[in-house]
Number of protein chains: 2
Amino acid sequence: MPATIHDVAKKAKVGIGTVSSVLNNSRPVNEETRKRVLAAIAELDFVPNSTGRRLSLGKTHMIGVVIPYFSTPAQVERLRGAMSVLAESDYDVSLFTVETASQRKKILETVPHRGRIDGLVIFSLNPTEEDLYHIIQKNVPTVLVEAKHPNLHNIHLDDVAAAREAVNYLIGLGHQKIGFISDALNDSFGSHFSRNRYKGYCQALKKVGIPINPNYHQQGKVTRETARQMTLSLLKLPEPPTAIFAYSDVQALGVLEAARDLNVDVPNQLSIIGYDDIEIAYFARLTTVRQQLYESGVKGVQLLFEVMNNPEMPLKCIQLPTQLVVRQTTAPPPG
Amino acid sequence: MPATIHDVAKKAKVGIGTVSSVLNNSRPVNEETRKRVLAAIAELDFVPNSTGRRLSLGKTHMIGVVIPYFSTPAQVERLRGAMSVLAESDYDVSLFTVETASQRKKILETVPHRGRIDGLVIFSLNPTEEDLYHIIQKNVPTVLVEAKHPNLHNIHLDDVAAAREAVNYLIGLGHQKIGFISDALNDSFGSHFSRNRYKGYCQALKKVGIPINPNYHQQGKVTRETARQMTLSLLKLPEPPTAIFAYSDVQALGVLEAARDLNVDVPNQLSIIGYDDIEIAYFARLTTVRQQLYESGVKGVQLLFEVMNNPEMPLKCIQLPTQLVVRQTTAPPPG
DNA sequence: CTGTTAGCGCATTCAA
DNA sequence: TTGAATGCGCTAACAG
């Protein structure tokens, strides 16, 4: 068993208060005594037990990070941003990845507890009213990233506008038959991402009087493979779309694969726009909607620290910009 | 402030011992009393303070996960595997990402402490003797993943053999001029990855009497962009290699980019083999050395739990297999 | 300047 | 079956 503060005190022939004082510089200590204490600490290889310290201070020195869709490059990039700030702080990080709806429920119920964490960052999850109850009730400083809520500080983006802009661009190139590939509109986490991007897609079409063709919208798991299958269906339609807007870059890669499978030339026969601008989008020369992934993590944690320092702070909602990055998967439609 | 066990006891008109008993089922409780306690718990929305519990039990219920190169898809896949097991357990996860040599040092010194964590998984870092001192000394159950050490349980793979096999395959196709692109042989973390894969590369060449051409070996940061630059140098050599073995899939993508830049046909003018078999390798149709990334995380945590249940367990080293996955970036050399 | 003491919230032993 | 007391390791207030 590791040495405790008592062992150090005994060896240095002082009281534990003195040891604590040199540990935390909490009050002046005679130089001679300090040396003795330091020597004892070194000799015993003493490190203060963090649990004891936490209990005494009533703080956990721990930030909770809740993150779904963890396998996707976009989420990892967000987490990296968050970790970059966290690593420079005095806080430890408690990581909760959520893969299933039941995990989501359990985590959102049990994680937001004073005594478990001092602050919480929740990525890409829109709290329900019930979730909110648990969070607010427990009174632990919380920030949402890539989510919006009228009662919680958050870092968000305008999915509707971003999607609208992407589709507008396709329309501007001359496309009329534009497909959309997304996650299920009602996914198991109750996310709004697909709905919002679909809304932007519809808005852009309506604006110029292009009717919404339900056959042009495919929903399914957000994997490359599923996107490939969905694209195959789209391209086998009697009147296939000449452009496809994908909910994410990962899906856009699946679209590219499908085009390759069918020997459809991108961008001359088929234009493709993705979403996120993950690292690999550059490699794939993908036209895509860039969002500030890394930055969102950075700002989320920074905002959390602000809130923790000033719990009575008025609600702060930061909107991060998006930007259409045109590369080489978009061109005017054939013919 | 949240309710404590005392509040519950008072409201239920029992002692705190009784509350603790119903919380933990640690001793029989009269059904009537139990009901009262449960009611009080519900009414106060009481959740046991984990710090108090930790201090009392002398356990943190916390597993430390140390992970470098966190931005790379391969590492994320390892972490995902680890999280899948951890999420099913009763342990919380404390995440430490290491980006710099100084972070590495600090983390390896301060994280392995009883009282901070109950167990530790370290990914892809070979402890020095000094690191080892801190780890062993503190006596916290530890498992290495993608690293080997004579005194620590570990999950590893045979980098030398895997690299040798990859280069052998190229030789079998008829290649004689084979380039190798890697991380710095002496990277800031003291990693062995590049050295081992280089060794395998050399062994394969020597076996068939091909001289090692130092110009064919490029070292640099493990990013797509750096790999692209290094490949450009390689391909501009008076006698450019006809095949390139890359230290990682991410680098292999950079090699592909360089080939594209120079209008070099892959695989007919240039063969490429990567390493890892990350998700995107499939998309890029990359021939690569598959290692069991997700599995390594799973097994690492499982092994850790074994060790925690049986601290006196004899040293266990598990070698995970690798496998050459042939896709469409390899072919016989031109001419 | 420094030793002693009283909690922090909980699990657990010891009595009853 | 239960309440009261003890201690986990630490910080901070109190008293010298």
Side-chain angles (χ1 to χ4, degrees), chain A residues 1-38 40-41 44-62 90 92 110 113-118 138 140, chain B residues 1-38 40-41 44-62 90 92 110 113-118 138 140:
Chain A
M1 282 295 100
T4 74
I5 199 171
H6 285 101
D7 302 327
V8 175
K10 190 181 295 174
K11 175 158 294 250
K13 297 188 201 306
V14 298
I16 62 168
T18 305
V19 178
S20 182
S21 302
V22 342
L23 246 26
N24 306 304
N25 277 319
S26 45
R27 57 183 190 184
V29 175
N30 176 291
E31 200 47 40
E32 197 50 44
T33 331
R34 172 191 304 278
K35 285 235 173 69
R36 277 217 314 288
V37 172
L38 257 18
I41 287 176
L44 293 170
D45 198 15
F46 168 75
V47 178
N49 176 298
S50 48
T51 306
R53 150 178 291 226
R54 282 169 185 170
L55 187 57
S56 180
L57 292 175
K59 297 189 51 180
T60 63
H61 287 283
M62 184 78 83
D90 289 328
D92 278 356
T110 59
H113 282 301
R114 272 271 162 63
R116 185 156 190 197
I117 50 172
D118 292 340
K138 299 307 180 180
V140 14
Chain B
M1 282 295 98
T4 74
I5 199 171
H6 285 100
D7 303 327
V8 175
K10 191 182 294 173
K11 175 159 293 254
K13 298 187 198 307
V14 297
I16 63 167
T18 305
V19 178
S20 181
S21 302
V22 343
L23 247 26
N24 306 303
N25 277 318
S26 46
R27 58 182 188 183
V29 175
N30 177 289
E31 200 45 40
E32 198 51 44
T33 338
R34 173 192 303 277
K35 284 231 173 75
R36 277 215 317 286
V37 172
L38 256 17
I41 289 176
L44 294 170
D45 200 14
F46 168 75
V47 178
N49 177 298
S50 48
T51 307
R53 148 178 291 232
R54 282 168 186 172
L55 186 57
S56 183
L57 292 175
K59 295 189 52 178
T60 63
H61 288 283
M62 186 78 84
D90 289 328
D92 278 356
T110 59
H113 281 304
R114 270 273 162 63
R116 186 157 188 197
I117 50 171
D118 292 340
K138 299 308 180 179
V140 14

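Just so it is clear: chains get the letters A, B, ... in the order the sequence lines come, proteins before strands, and each one is counted from 1.
Among the atoms of the strands shown, only primed sugar atoms or phosphate atoms (P, OP1, OP2) are found under 4.0 Å from some heavy atom of B:Val29. Contacts of A:Gly58 with the nucleic acid, taken as non-hydrogen atoms under 4.0 Å apart, are absent. Residue A:Lys59 is out of contact with every strand shown, counting any heavy-atom pair closer than 4.0 Å. Within 4.0 Å (heavy atoms only), B:Gly15 reaches sugar-phosphate atoms of the nucleic acid but no base atom. Using a 4.0 Å heavy-atom criterion, one finds that A:Thr51 contacts no nucleic acid atom at all. Across all strands, B:Leu55 comes closer than 4.0 Å to base atoms (heavy-atom distances).
Panel note: side chain A:Ser50, backbone B:Gly115; a donor-acceptor pair is recorded below 3.5 Å. Side-chain atoms of B:Arg36 come within 3.5 Å of backbone atoms of B:Ala12 as a donor-acceptor pair (strictly under, hydrogens ignored). Remark: side-chain polar atoms of A:Asp118 are paired, donor with acceptor, to backbone N or O of A:His61 under 3.5 angstrom.
Contact between the side-chain N/O atoms of A:Asn24 and the OP1/OP2 oxygens of D:dT11 is found at a separation under 4.0 Å. In terms of phosphate contacts, B:Thr18 brings a side-chain nitrogen or oxygen within less than 4.0 Å of OP1 or OP2 of D:dG3. Between B:Ser26 and C:dA11, a side-chain N or O to OP1/OP2 separation shorter than 4.0 Å is absent. Between D:dT11 and A:Ser20, a contact under 4.0 Å exists linking OP1 or OP2 to a side-chain N or O.
Mapping B:Gly52 and B:Val19 onto DNA chain D by nearest heavy atom places B:Val19 closer to the 5' end of the strand. If B:Pro28 and A:Val47 are placed on DNA chain D by their nearest nucleotide, the residue sitting closer to the 5' end is B:Pro28.
When the nucleotides D:dT11, C:dT2, C:dA11 are ranked by their closest atom to the side chain of A:Thr33, C:dT2 comes out on top. For A:Arg53, taking side-chain heavy atoms from C-beta onward, the closest of the listed nucleotides D:dT11, D:dG9, D:dA5 is D:dT11.
One can place CD of B:Glu31 at 10 Å from P of D:dT1, the figure rounded to the nearest angstrom. Straight-line distance from the CD1 atom of B:Ile16 to the P atom of D:dC8: 16 Å, rounded to whole Å. What separates NE2 of B:His6 from C1' of C:dC10 is a distance of 9 Å, to the nearest Å. When the P atom of D:dA5 is taken as reference, atom CD1 of B:Ile5 falls 16 Å away, rounded to whole Å. If you take CG of B:Asn49 and C1' of D:dG9, they are 15 Å apart, rounded to a whole angstrom. D:dG9 atom C1' lies 15 Å from atom CG of A:Leu44, rounded to whole Å. Distance A:His113 NE2 to C:dC10 P: 12 Å, rounded to the nearest Å. Between A:Lys10 atom NZ and D:dG9 atom P the separation is 13 Å, expressed in whole Å.
With hydrogens and angles left out, the side chain of A:Arg114 and the base of C:dG9 share no donor-acceptor pair within 3.5 Å. Judged by distance alone with a 3.5 Å cut-off, a donor-acceptor contact links the side chain of A:Ser56 to the base of C:dG7. Taking 3.5 Å as the limit, the base of D:dG3 and the side chain of B:Arg27 contain a donor-acceptor pair of atoms between them.
The side-chain heavy atoms of B:Asn49 and B:Thr4, taken from C-beta on, include no pair separated by under 4.5 Å.
At a threshold of 4.0 Å, the pair B:Glu32-B:Lys35 does not count as salt-bridged, since none of the basic side-chain nitrogens sits closer than that to a carboxylate oxygen.
With values rounded to the nearest 0.5 angstrom, A:Thr110 atom OG1 is found 5.0 Å from A:Arg116 atom CZ.
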